[in-house]
Amino acid sequence: MLDESRPARWPAGFTVAEAGPGETAEVSVEIPRHAAEVWGTDGWRLVSGDYVLRTGHSLDDIRLTTDLTL
């Protein structure tokens, strides 16, 4: 039986960027397929559905939110 229970939030990817005062930085963060998979009796399986990707300095400092449907 496949267990699709998941935490409400989990880290999926990260990167480091540096910018001085008043500067901006553009980065790309790769989200691996494995971030949306669960382990079952037949191996890893993609969990289709709606996801919300949140980007920020911390959980309390979210800067960007993107909806994603798989």
Not counting sequence neighbours, which residues clear salt bridge (Lys or Arg N to Asp or Glu O under 4.0 Å) with Asp60? List them please.
none
Which residues pass the ring-ring contact (aromatic ring centres under 6.0 Å, His included) test with His34, sequence neighbours left out?
Trp44
Could you state whether Ile31 and Val38 fall into the same hydrophobic cluster, counting links through intermediate Ile, Leu, Val, Met, Phe, Trp or Tyr residues with side-chain heavy atoms under 4.5 angstrom apart?
no
Test of understanding: with side chain to side chain contact (heavy atoms under 4.5 Å, CB included), list the residues that count as partners of Thr65, not counting sequence neighbours.
Val52, Arg54, Ile62
Show which side-chain atoms of residues 10-23 pair as donor or acceptor with protein atoms under 3.5 Å away, not counting sequence neighbours.
| from | atom 1 | to | atom 2 | distance (Å) |
| --- | --- | --- | --- | --- |
| Trp10 | NE1 | Ala35 | O | 3.1 |
| Glu23 | OE1 | Gly20 | N | 2.6 |

Quick one: list whatever passes side chain to side chain contact (heavy atoms under 4.5 Å, CB included) with Leu59, sequence neighbours left out.
Arg9
So, using salt bridge (Lys or Arg N to Asp or Glu O under 4.0 Å) as the criterion, who are the partners of Arg63 when residues are at least two apart?
Asp61
Which residues pass the side chain to side chain donor-acceptor pair (under 3.5 Å) test with Asp50, not counting sequence neighbours?
Thr69
Intermediate values then yes/no, side-chain contact (heavy atoms from CB on, under 4.5 Å), Leu64 and Thr66
CA-CA 7 Å; Leu64 177 66; Thr66 304; 4.2 Å; yes
side-chain contact (heavy atoms from CB on, under 4.5 Å) evaluation trace for Leu46 with Leu70
CA-CA 9 Å; Leu46 183 67; Leu70 298 179; 4.0 Å; yes
